Amino acid sequence: MNEEQRLQSGLVKSTAAAEKDYSKYFETVYTPPSLKNAKKRGKEEIAYHDDFQIEERFLGMGNGRKFYIRTYGCQMNEHDTEVMAGIFTSLGYESTNTVDDADVVLLNTCAIRENAENKVFGELGHLKPLKLERPDMLIGVCGCMSQEESVVKKILQTYDQVDMIFGTHNIHRLPNILHEAYMSKEMVVEVWSKEGDIIENLPKVRHGNIKAWVNIMYGCDKFCTYCIVPYTRGKERSRRPQDIIQEVRQLAANGYKEIMLLGQNVNAYGKDFEDLDYRLGDLMDDLRKINIPRIRFTTSHPRDFDDHLIEVLAKGGNLLDHIHLPVQSGSSDILKIMARKYSREQYLQLVGKIKKAIPNVTLTTDIIVGFPNETDEQFEETLSLYKEVGFEMAYTYIYSPREGTPAAKMVDNISMEVKKERLQRLNKLVNEMSAEAMKPYKGTVVKVLVEGESKRNPEVLAGYTEKNKLVNFRAPRSVIGEIVNVKITEAKTWSLDGEFIGVVEEDKVMS
Ligand code: SAH
Ligand code: SF4
Ligand code: F3S
């Protein structure tokens, strides 16, 4: 097909046609996602559904077709991809790990920083020639970027290779969206600007059979001034305890060894229940009784980390003694304008309490440098806090303004050069402290959940300790998926090398 035939067939839209579609969308079909509406978070009811079903008319839609999903961003997005893979599979699609033979390509996007978004626009550019070659291929954009008004407009105006855009509250609508995209010549846009529902029984195709993600809550109400998540993911809403417990039991029965409980702010779990006094501490106390070797959770906001949770975590067992506790900055003044709702002193107090209750605890964190007008002294406070807490790892970022957030309106007089220098200095400290934390492991025996071949050398196996340290060692492939004892022979900055001793017996895993 040449360009003209393709245009006539309606499979490819011209830019002019896309622009026409665009104004039409805004007048009639499509209400753009709106940050203003998202901020007016109020009494909107959260609907709870456990009756999801693939409509009969869609069954077999994917027969003979393949899907490919590229995921950006956090573990919540990774888990959403597992749900979408579940829906595709229920529709009869097969998965493929290359775009070249995919009939549907989805980009499950992240909006947290500008460079995350740029990667997606770059990828859309790469997909354009493929779309021109195979006009019947569908390209979709979903995830957090689709919740942003400006992104949807930009795609409608300039990325006519895209066939569908759908939001984080529309995942369960994937069958309808695909159906419409096959039938329609226009870009299908379905982005609900709402607080979000809870949909229980969506199908899932999990990545692997050793570790599993389990959502415990969705959304975020914290509105840190720099952050886009509360706008893209809706209001904080918790899954019912019995649904979570049931899912974890099922995963344990299916042989999974590790559960990662997910939420943007898991410590707010249960705050939204009107009929139930049940918080994260209660949930962890119930989950620890399930016969599964390891349970982790992410991400903890320091503000809602209560004493009961600390008490329950101190019971140990399958509740691991590694806590990821993002601090963002060591300066109370910066924390205040970030609206984190705690001060340096309060954070340190919380760390003190945790360390007292769980003496062996490993703490890791997230830090933003170069928040608008951050002074040298304020940055120094971040370095000193990092040392004082004794973090063993951190994800570190240069502040990235996100359109529509309060911080994006702040005038900033710190140059990018200074911000980069600060990031470098912080990363140097992060590396040093990680190396320091690794040293004492030399000569000790650690329990490792074996995940598979090491990325660098297929003859070496790799896995993680309870404290999330990467360990490389040689052992028979039959131990993949098992928890094994490894004697550490060498400690590096970010990983440990060791010698395989043997598989840990089941009852010892649980001790
Ligand atoms: N809910 C989690 C964080 C989720 S986002 C929490 O509050 O702990 C993951 C990390 O991205 C954040 O902890 C923060 O360090 C970083 N981040 C978020 N918005 C950012 C922005 N605008 N610029 C740079 N980093 C950002
Ligand atoms: Fe963003 Fe703050 Fe919510 Fe974390 S707690 S997702 S940083 S608004
Ligand atoms: Fe990114 Fe959305 Fe997660 S913005 S970090 S994918 S919640």
Side-chain angles (χ1 to χ4, degrees), residues 33 35 38-39 41 70-81 107-117 119-120 141-148 151 167-169 171 196 213 215-236 262-269 271 297-305 323-330 334-335 337-342 347 363-372 374 382 391 393-410 412 416 419 422-423 426 430:
L35 296 188
K39 267 226 96 161
R41 184 145 301 171
R70 177 159 297 173
T71 315
Y72 302 82
C74 64
Q75 290 160 330
M76 271 139 278
N77 247 20
E78 300 270 2
H79 191 43
D80 286 348
T81 289
L107 304 186
N108 189 8
T109 62
C110 170
I112 201 85
R113 284 169 290 275
E114 194 183 357
N115 58 4
E117 297 204 345
K119 277 191 218 156
V120 171
V141 176
C142 56
C144 286
M145 277 170 73
S146 6
Q147 293 294 139
E148 289 181 286
V151 169
T168 56
H169 305 302
I171 288 177
W213 288 303
N215 278 125
I216 64 167
M217 60 180 299
Y218 304 94
C220 181
D221 285 349
K222 284 283 179 285
F223 288 102
C224 302
T225 53
Y226 51 82
C227 184
I228 194 80
V229 172
Y231 312 92
T232 64
R233 290 273 165 175
K235 170 165 151 175
E236 283 178 359
L262 296 180
Q264 278 301 346
N265 173 15
V266 288
N267 302 75
Y269 177 77
K271 266 182 146 179
F297 58 95
T298 201
T299 296
S300 281
H301 190 291
R303 173 80 183 179
D304 296 317
F305 212 109
I323 299 173
H324 188 68
L325 194 62
V327 65
Q328 314 300 356
S329 166
I334 292 286
L335 288 169
I337 43 174
M338 284 178 165
R340 288 290 288 183
K341 303 185 182 77
Y342 55 83
Y347 186 90
L363 293 167
T364 57
T365 198
D366 291 352
I367 292 175
I368 296 177
V369 301
F371 194 75
E374 180 192 59
T382 296
F391 289 117
M393 190 279 289
Y395 297 111
T396 57
Y397 310 101
I398 291 181
Y399 163 72
S400 168
R402 309 315 296 134
E403 195 188 336
T405 60
K409 295 185 197 88
M410 296 175 192
D412 185 10
M416 188 44 89
K419 294 184 182 202
R422 286 183 188 162
L423 184 70
L426 175 61
V430 169

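Just so you know, these numbers come straight off a predicted model, no measurement behind them. Read the numbers this way: they start at 1 and go in the same order the structure lists the ligands and their atoms.
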Requested in this report: Output the list of atoms in ligand 3 that are nearer than 4.0 Å to some heavy atom of C110, sorted by atom number.
Outcome: 1 (Fe), 4 (S), 5 (S), 6 (S)
Query - Minimum heavy-atom distance C110-A116, with the two atoms named - result: O-CB, 3.7 Å
Query raised in the report: With a 4.0 Å cut-off on heavy atoms, is M76 touching ligand 3?
Result: no
Report summary line: Sorted by chain and residue number, the side chain to side chain donor-acceptor pair (under 3.5 Å) partners of E403 (sequence neighbours excluded) come out as S150
Requested in this report: Check D221 against K235 and note the closest heavy-atom contact, atom names and distance.
Outcome: OD1-CA, 3.5 Å
Query - Partners passing side chain to side chain donor-acceptor pair (under 3.5 Å) against T382 (at least two apart in sequence or in another chain) - result: none
Query - Shortest non-hydrogen separation from I337 to M410 and the atoms involved - result: O-CE, 3.9 Å
**Report entry** Closest non-hydrogen atom pair, Q264 against G219
**Finding:** CB-O, 3.7 Å
Report summary line: shortest atom 7 (S) of ligand 2-to-protein heavy-atom contact is with Y226 OH, 3.3 Å
**Report entry** ligand 3 contact on Q264 by region, counting heavy-atom pairs under 4.0 Å
**Finding:** side chain
Requested in this report: Report, as yes or no, whether the 6.0 Å neighbourhood of atom CZ on R113 holds more than 12 heavy atoms from other residues, nucleotides or ligands.
Outcome: yes
Report task. Nearest heavy atom to atom 6 (S) of ligand 3 wins, so pick from I228, N77, T71. Result -> N77
Report summary line: Exactly one candidate in Y395, F391, F297, F305 meets ring pair (Phe, Tyr, Trp, His ring centres under 6.0 Å) with H324; the answer is Y395
Requested in this report: Mind listing the closest non-hydrogen atom pair of E114 and R402 along with its distance?
Outcome: N-NH1, 3.4 Å
Report task. Run the numbers for me: atoms of ligand 3, each under 4.0 Å from some heavy atom of C74, listed by number. Result -> 3 (Fe), 5 (S), 6 (S), 7 (S)
Report summary line: Heavy-atom closest pair (N108 atom, G143 atom, distance to 0.1 Å) is OD1-CA, 3.2 Å
Requested in this report: List every atom of ligand 3 that sits less than 4.0 Å from any heavy atom of C144, numbering the atoms from 1 in the order shown and giving each element.
Outcome: 2 (Fe), 4 (S), 6 (S), 7 (S)
Report task. Measure the acute angle between the ring planes of H301 and Y342, then classify it against the limits of 30° and 60° as parallel, tilted or perpendicular. Result -> perpendicular
Write 'none' if nothing qualifies; otherwise put on separate lines each N/O atom of ligand 1 with a protein N/O atom under 3.5 Å away and their distance to 0.1 Å.
unit_1	atom_1	unit_2	atom_2	d
ligand 1	1 (N)	Q264	O	2.5
ligand 1	1 (N)	Q264	OE1	2.9
ligand 1	7 (O)	R340	NH1	3.1
ligand 1	11 (O)	R113	NH1	3.1
ligand 1	13 (O)	Q328	NE2	2.7
ligand 1	13 (O)	D366	OD2	2.6
ligand 1	15 (O)	Q328	OE1	2.7
ligand 1	17 (N)	R113	NH1	3.4
ligand 1	22 (N)	Y226	O	3.0
ligand 1	22 (N)	S400	O	2.8
ligand 1	23 (N)	S400	N	2.9
ligand 1	25 (N)	R113	NH1	3.2

Query raised in the report: Do the non-hydrogen side-chain atoms of T299 and P326 ever get within less than 4.5 Å of each other?
Result: yes
Query raised in the report: How about atom 2 (Fe) of ligand 2, which protein N, O or S atoms come within less than 2.8 Å?
Result: C224 SG
Requested in this report: Answer yes or no: is there a donor N or O on one side and an acceptor on the other, between the side chain of K419 and the main chain of G370, under 3.5 Å?
Outcome: yes
Requested in this report: Could you tell me if any non-hydrogen atom of A111 lies under 4.0 Å from any atom of ligand 3?
Outcome: yes
